[in-house]
Protein chains: 2
Amino acid sequence: MTPIAKLRALDEVVDAIAHPARRQILLTLHFRGGSATAGELAARFEHAWPTTTRHLRVLEDAGLLRHERRGRTRVYTLDRERLGLVTEWLGWFAT
Amino acid sequence: MTPIAKLRALDEVVDAIAHPARRQILLTLHFRGGSATAGELAARFEHAWPTTTRHLRVLEDAGLLRHERRGRTRVYTLDRERLGLVTEWLGWFAT
DNA sequence: CAGACATTTAGCGATTTCGCTAGATGTCGT
DNA sequence: ACGACATCTAGCGAAATCGCTAAATGTCTG
């Protein structure tokens, strides 16, 4: 990953986790073992379903999620790797 | 810090670091030894000065910065502590 | 005191974000 | 094929964000 691409990726990831609902989605996935269907995730919010759908898209565009079609459901899977970009950035401030 | 206050603080901090200019301000402060005047910081951006002033305010409201008046200048000082909230949040995902 | 200097506050306009509702899409069971 | 189901896409409206310019504030110097 070129340094510029990395900066852009960091920007997308930080943007993605800047919304509480999106952080909640990531945590929910984590504690469900990494995967859940769109319906299971949407059920955890009071938002209308399309609102959650959009949050899922933001997370996926940032590379924090992948999805696969399983029959008429969609299974979203957490991809923790890019969270490392934030950890790495925070590392600059290590005392 | 009550758990609710902590959640709110995390939200403010993540929001604050979600803008590239604000991340740049934090890094600049860090590499200058933790402090710099508003003018020194503003000089590092192509933004108009009041734009930087507002970014500084967001960072300070999130508890990532403090300032003190020194004559006619203002010295901003990095407060790394609240960055720990983000580190802590990321910790949930530790493999 | 007057004027220069360092910085902030006020407030406008463009853009983005976030929620919503309505309708489209693809899949399963009968 | 038909209807039910799971989910997405389209697009609207309110609110927030971000940049800007103009004007205010407080402090130093002569």
For the residue pair H55(B) and H47(B), does the interplanar ring angle fall in the parallel (under 30°), tilted (30 to 60°) or perpendicular (over 60°) class?
tilted
When rounded to the nearest 0.5 angstrom, what distance separates OG1 in T28(A) from CZ in R23(A)?
12.5 Å
Quick check on E81(A): does its CD atom have over 12 non-hydrogen neighbours (other residues, nucleotides or ligands) under 6.0 Å away?
no
Between A21(A) and G71(A), which is nearer to the 5' end of DNA chain C once each is assigned its nearest nucleotide?
A21(A)
Is the closest basic N to carboxylate O distance between R8(A) and E12(A) below 4.0 Å?
yes
May I ask you to test the F93(B)-L78(A) pair for a side-chain heavy-atom distance under 4.5 Å?
yes
Take the protein atom CD1 of I25(B) and the nucleotide atom P of dT7(C), then report the distance between them rounded to whole Å.
13 Å
Grab the NE2-P distance between H67(A) and dT25(C) for me, whole Å please.
17 Å
Sort me out a list of protein N/O and nucleotides 11-18 of chain D N/O pairs below 3.5 Å, or just none if empty.
{"from": "dC18(D)", "atom 1": "OP2", "to": "R22(B)", "atom 2": "NH1", "distance (Å)": "3.2"}

Atom pair CG (L10(B)) and CZ (R82(B)), whose distance is rounded to the nearest 0.5 Å:
10.5 Å
Taken to the nearest whole Å, CZ/R57(B) to C1'/dA10(C) is 12 Å
When hydrophobic residues are tied together by side-chain contacts of less than 4.5 Å, even through go-betweens, does L59(A) share a cluster with V14(B)?
yes
Please step through side chain to side chain contact (heavy atoms under 4.5 Å, CB included) for the pair T52(A) and I25(A), ending with a clear verdict.
CA-CA 9 Å; T52(A) 299; I25(A) 287 171; 4.3 Å; yes
Rounded to whole Å, please give me the gap between CG in L59(A) and P in dT17(C).
14 Å
In whole angstroms, the gap separating P of dT9(C) from CG of D61(B) amounts to 10 Å
D11(B) atom CG is separated from dT17(C) atom P, nearest whole Å, by 16 Å
Strictly under 3.5 Å: I want the nitrogen or oxygen pairs between protein and nucleotides 4-8 of chain D, one per line.
{"from": "dC5(D)", "atom 1": "O4'", "to": "R72(A)", "atom 2": "NH1", "distance (Å)": "3.2"}
{"from": "dT7(D)", "atom 1": "OP1", "to": "G39(A)", "atom 2": "N", "distance (Å)": "3.4"}
{"from": "dT7(D)", "atom 1": "OP2", "to": "G39(A)", "atom 2": "N", "distance (Å)": "3.0"}
{"from": "dC8(D)", "atom 1": "OP1", "to": "Y76(A)", "atom 2": "OH", "distance (Å)": "2.4"}
{"from": "dC8(D)", "atom 1": "OP2", "to": "T53(A)", "atom 2": "OG1", "distance (Å)": "2.8"}

